[in-house]
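These figures come from a predicted structure and were not determined experimentally.
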Amino acid sequence: MVQKKAEYGAGPLFRAAGTVAGVMMGSALLVLANALLLVALPAVPLVGALLPVVALLPAGPALVACMYAFNRLLAGQETAVYRDFLRGYRMNAGQAVKIWTPYLLVLAVVGVNLAGLPFLLGPANPVEPALRLALLVLGLLVATAGLNALLLLSRFSFRTRDLYRLSLYSFSASKRVSLGNAGILFLAATLLLMTTTYLLPVLGGAVVFLVCLNSRPLLRLVEEKFTAA
């Protein structure tokens with residue numbers, strides 16, 4: 001009996017190496033697309049928190065482009081992450097800014113209130129821990145909803161208002177996915193707070209990839225319920 005030779009590049013180790021290389025490429029492109037943020041972070045003590053908020057505006061289109069590339073990578077489609085990233089950016093940049101901006105503004109307000117709690121309430125106020133926890137939970141929920149909206153944009157051509165609705169719908173329709181994405185964001189934020197924010201360029205691509213991997217059931221659900229057969 002003649003045994004078939006394994007096709008070159010079909011082994012699990014080869015696929016794993018390709019995935020790692022793709023995530024690294026996506027991370028590098030994500031950093032390049034958000035180069036303004038790397039300049040803005042050291043300037044915060046001098047110019048205040050407004051500059052990082054402005055610098056974070058390009059993060060929306062960059063995240064959508066990275067998600068588009070990683071979704072295709074996870075689907076096993078034989079294309080380069082670099083080309084997919086550029087294609088996803090060109091297709092979705094305008095709508096991504098519209099979707100991302102409201103979430104970013106809410107997160108900025110949450111961040112300002114968190115930073116200003118000691119000044120607003122005074123030292124050793126017993127209400128402060130509860131308010132801080134409430135603001136942190138609110139920020140995590142808003143960030144998760146924003147991430148879900150951008151993820152759906154990377155895969156589907158819905159209207160902006162429908163993407164807002166679906167980002168909230170995902171909390172009830174796919175609790176596991178939303179909790180998983182919130183957990184990924186929480187762990188990443190905790191790691192950054194315990195180390196340094198300059199680790200973000202290293203973590204960014206891995207976090208987006210994990211979100212895409214975790215969100216595959218949500219994408220299937222939305223495709224089955226809200227797209228034509």
Set out, in order, the CA-CA distance, both residues' side-chain angles and the distance that settles side chain to side chain contact (heavy atoms under 4.5 Å, CB included) for Cys212 and Val208, then state yes or no. CA-CA 6 Å; Cys212 291; Val208 174; 4.3 Å; yes
Which atom pair, heavy atoms only, marks the closest approach of Ala188 to Val207? CB-CG2, 3.8 Å
Residues clustering with Leu36 (ILVMFWY side chains joined when closer than 4.5 Å, directly or via others): none
In one Ile/Leu/Val/Met/Phe/Trp/Tyr side-chain cluster, 4.5 Å: Leu32, Leu30: no
I want to check something: taking the side chain as every heavy atom from C-beta on, are Val97 and Pro61 in contact at a cut-off of under 4.5 Å? yes
Just by distance, do the side chain of Ser174 and the backbone of Ser170 share a donor-acceptor pair under 3.5 Å? no
Evaluate the side-chain proximity of Tyr164 to Phe158: yes if any heavy-atom separation is below 4.5 Å, no if none is. no
Taking the side chain as everything from C-beta on, heavy atoms only, tell me whether Val110 gets closer than 4.5 Å to Val142. no
So, Arg165 and Asp162, do they make that salt bridge, N to O below 4.0 Å? yes
Can you tell me how far CG of Leu114 sits from CG of Leu133, rounded to the nearest 0.5 angstrom? 10.0 Å
Could you check Ser154 against Leu151 for side chain to side chain contact (heavy atoms under 4.5 Å, CB included), going step by step and ending with a plain yes or no? CA-CA 5 Å; Ser154 72; Leu151 178 77; 4.3 Å; yes
Which heavy atom in Arg87 sits nearest to a heavy atom in Arg72, and how many Å separate them? NH1-NH1, 4.2 Å
Distance, nearest 0.5 Å, that separates CG of Leu168 from CG of Leu141: 10.0 Å
Rounded at 0.5 Å granularity, tell me how far CG in Leu57 sits from CG in Leu104. 5.5 Å
Does Phe70 form a side chain to side chain contact (heavy atoms under 4.5 Å, CB included) with Leu213? I'd like the steps, not just the answer. CA-CA 9 Å; Phe70 285 165; Leu213 183 63; over 6 Å; no
Without swapping roles, check the side chain of Trp100 against the backbone of Val64 for a donor-acceptor pair under 3.5 Å. no
Can you tell me how far apart CG (Asn214) and OG (Ser178) are? Round to the nearest 0.5 Å. 9.0 Å
Just verifying a value: how many Å separate Ser215 OG and Leu152 CG, rounded to the nearest 0.5 Å? 8.5 Å
How far apart are the closest heavy atoms of Ala33 and Ala62, and which atoms are they? CB-CB, 3.6 Å
I'd like to know if the side chain of Lys225 reaches the main chain of Val222, judged simply by a donor and an acceptor atom lying under 3.5 Å from each other, with no hydrogens or angles considered. no
ILVMFWY cluster, Leu63 and Leu140 together (side-chain gap under 4.5 Å): yes
Start with the C-alpha distance between Leu203 and Leu191, add both sets of side-chain angles, then the distance that settles side chain to side chain contact (heavy atoms under 4.5 Å, CB included), and finish with yes or no. CA-CA 10 Å; Leu203 282 179; Leu191 183 59; 3.7 Å; yes
Can Tyr82 be reached from Tyr89 by stepping across I, L, V, M, F, W or Y side chains whose heavy atoms are under 4.5 Å apart? yes
Residue pair Tyr169 / Leu166, side-chain heavy-atom distance below 4.5 Å: yes
Thr19 vs Phe209 side-chain heavy atoms within contact, under 4.5 Å: yes
Nearest heavy-atom neighbours spanning Val211 and Ile184: N-CD1, 4.0 Å
Is there a path from Phe171 to Leu107 through hydrophobic residues (I, L, V, M, F, W, Y) whose side chains come within less than 4.5 Å of each other? no
Please report the closest heavy-atom contact between Ser167 and Ala145, naming both atoms and the distance. CB-O, 3.3 Å
Taking the side chain as everything from C-beta on, heavy atoms only, tell me whether Leu219 gets closer than 4.5 Å to Glu223. no
Do Leu179 and Phe186 belong together in a cluster built from hydrophobic side chains that touch within less than 4.5 Å? no
To the nearest 0.5 Å, what is the distance between CG on Leu150 and CE on Met67? 5.5 Å
Compare all side-chain heavy atoms of Tyr68 with those of Met91 and state whether any distance is below 4.5 angstrom. yes
Val53 versus Ala108, closest heavy-atom pair with distance: CG2-CB, 3.8 Å
Short question: side chain of Asn34, backbone of Ala59 - any donor-acceptor pair under 3.5 Å? yes
For a 4.5 angstrom cut-off between non-hydrogen side-chain atoms, does Pro217 reach Leu221? no
